[in-house]
Amino acid sequence: MAYDPLMATPARKPATYADLLGLPEQTRAEILAGEIVVAPAPLPRHSKAQGAIRRFVGGPYDDDDGHGGPGGWWIFEVDVALSREDVVRPDVAGWRRARLLQPGSKRPIEIVPDWVCEVLSPATAARDRVQKRALYARAGVGHYWIVDPEARVLEALTLREGNWLEQGVYDESATARIAPFDDVTIDVGRLFLPRDADNP
């Protein structure tokens with residue numbers, strides 16, 4: 001049978017940020033490789049870890065800038081455009097203030113973060129560990145933290161010549177200074193729900 005170009009399946013048009021904005025309010029979604037990916041609402045253990053990272057990192061480095069903390073960073077949960085076909089919303093992301101001067105009305109932010117933290121959940125763990133890990137390296141994110149509330153572990157990676165170098169893996173017993181936020185000590189166990197509140 002001869003090839004009929006009229007019968008060929010048309011190429012799918014990559015999703016755009018306008019497509020994300022057209023989703024119902026409160027939809028948790030990103031664009032990865034031109035496809036819209038929707039995630040369910042987070043479990044309490046995920047929300048606890050995300051809030052704790054925002055407190056223990058964002059507190060001294062963002063909220064306390066000029067008020068006794070090390071300062072120098074913006075720490076947000078916002079949409080980030082890494083390319084036209086990759087618009088992500090990390091659980092927490094950070095920019096050195098010298099690189100992101102006036103973030104107030106920007107959406108999505110088009111400057112690559114200096115640091116990204118993803119909190120794993122059953123629906124996102126594989127994507128965070130494989131697809132987004134590779135995407136963040138290609139984009140040039142300097143530091144990537146992966147927090148696993150189920151295993152109660154924080155994994156810290158640093159980008160070196162386009163590849164991730166393991167900086168350290170810290171369990172709930174660890175108290176550590178972890179780049180790029182090594183001016184403060186993080187009690188890793190405080191990122192997670194108490195064990196008696198986190199039954200399977």
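- No donor-acceptor pair closer than 3.5 Å links the side chain of D65 to the backbone N or O of D62.
- Contact between Y17 and P108 at its shortest, heavy atoms only, is CE2-CD, 3.4 Å.
- Counting heavy atoms from C-beta on, the side chains of W73 and D114 come closer than 4.5 Å.
- A heavy-atom distance below 4.5 Å is found between the side chains of L191 and F56.
- Ring orientation note: the planes of W115 and F181 are nearly perpendicular, at an angle over 60° on the 30°/60° scale.
- Taking both residues in full, the closest heavy atoms of A179 and W145 are given as O-NE1, 3.2 Å, listed atom of the first, atom of the second, then distance.
- Taking 4.5 Å as the limit, every side-chain heavy atom of K132 sits out of range of all side-chain heavy atoms of V116.
- To the nearest 0.5 Å, atom CD of residue E172 and atom CG of residue L154 are 12.5 Å apart.
- The two residues D91 and H46 have their closest heavy-atom pair at OD1-CE1, 3.2 Å.
- To the nearest 0.5 angstrom, L165 atom CG is 6.0 Å from T158 atom OG1.
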For residues 122-130, run the donor-acceptor check on the side chains, cut-off 3.5 Å, and write out each pair with its distance to 0.1 Å, sequence neighbours left out.
| residue | atom | partner | partner atom | Å |
| --- | --- | --- | --- | --- |
| T124 | OG1 | S121 | N | 3.3 |
| T124 | OG1 | S121 | OG | 2.9 |
| T124 | OG1 | D128 | OD2 | 3.2 |
| R129 | NH1 | E155 | OE1 | 3.0 |

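- Using a 4.5 Å heavy-atom cutoff, the side chains of F192 and R45 are not in contact.
- Side-chain atoms of E30 come within 3.5 Å of backbone N or O of R89 as a donor-acceptor pair.
- The residues D198 and K48 are annotated as not salt-bridged, no charged nitrogen and carboxylate oxygen being separated by less than 4.0 angstrom.
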**OP:** Please assess L82 against L135 for the test side chain to side chain contact (heavy atoms under 4.5 Å, CB included), listing each intermediate value before the final yes or no.
**Re:** CA-CA 8 Å; L82 300 176; L135 173 61; 3.8 Å; yes
**OP:** Please test K106 against V78 for side chain to side chain contact (heavy atoms under 4.5 Å, CB included), starting from the C-alpha separation and ending with a verdict.
**Re:** CA-CA 9 Å; K106 291 179 172 55; V78 292; over 6 Å; no
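- Distance CG/D79 to CG/L20: 6.5 Å, rounded to 0.5 Å.
- Hydrophobic clustering keeps V169 apart from I53 (ILVMFWY residues linked when any side-chain heavy atoms are closer than 4.5 Å, directly or through intermediates).
- A salt bridge between R55 and D63 is absent, with no side-chain N of the basic residue lying under 4.0 Å from a carboxylate O of the acidic one.
- Looking at heavy atoms from C-beta onward, Y136 lies in side-chain contact with V88 at the 4.5 angstrom threshold.
- A salt bridge does not link R54 to E77: none of the charged side-chain nitrogens sits closer than 4.0 Å to a carboxylate oxygen.
- The cluster map of Ile, Leu, Val, Met, Phe, Trp and Tyr, joined by side-chain heavy atoms under 4.5 Å apart, puts Y144 and F76 in the same cluster.
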Original post:
Would E118 and R133 count as a side chain to side chain contact (heavy atoms under 4.5 Å, CB included) if you check the C-alpha gap in whole Å, the side-chain angles of each, and the deciding distance to 0.1 Å?
Top reply: CA-CA 10 Å; E118 296 286 8; R133 176 178 166 140; over 6 Å; no
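- Closest of all the heavy-atom pairs between R28 and A41 is CD-CA, 4.0 Å.
- Between V188 and D171, every side-chain heavy-atom pair lies at or beyond the 4.5 Å cut-off.
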**OP:** Start with the C-alpha gap between V147 and Q50, add the side-chain angles, then the distance that decides, and say whether side chain to side chain contact (heavy atoms under 4.5 Å, CB included) holds.
**Re:** CA-CA 9 Å; V147 175; Q50 184 178 7; over 6 Å; no
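- Closest non-hydrogen pair, D86 versus A33, comes out as OD1-N, 2.8 Å.
- When all heavy atoms of G162 and L159 are compared, the pair lying nearest together is C-CD1, 3.6 Å.
- Residues V92 and W95 do not share a hydrophobic cluster, defined by chaining ILVMFWY side chains whose heavy atoms lie under 4.5 Å apart.
- Atom CD of E150 has 12 or fewer heavy atoms from other residues, nucleotides or ligands within 6.0 Å.
- Using a 4.5 Å cut-off between side-chain heavy atoms of Ile, Leu, Val, Met, Phe, Trp and Tyr, with links allowed through other members, V141 and L32 fall into the same hydrophobic cluster.
- Side-chain atoms of P149 and L193, non-hydrogen and from C-beta on, never get closer than 4.5 Å to each other.
- Annotation for R84: atom CZ does not count as buried by contact number, only 12 or fewer foreign heavy atoms lying within 6.0 Å.
- Tracing side-chain contacts under 4.5 Å through hydrophobic residues (I, L, V, M, F, W, Y), one never reaches V112 starting from I75; they form parts of separate clusters.
- P113 is listed as a side-chain neighbour of V80, based on a closest heavy-atom distance under 4.5 Å.
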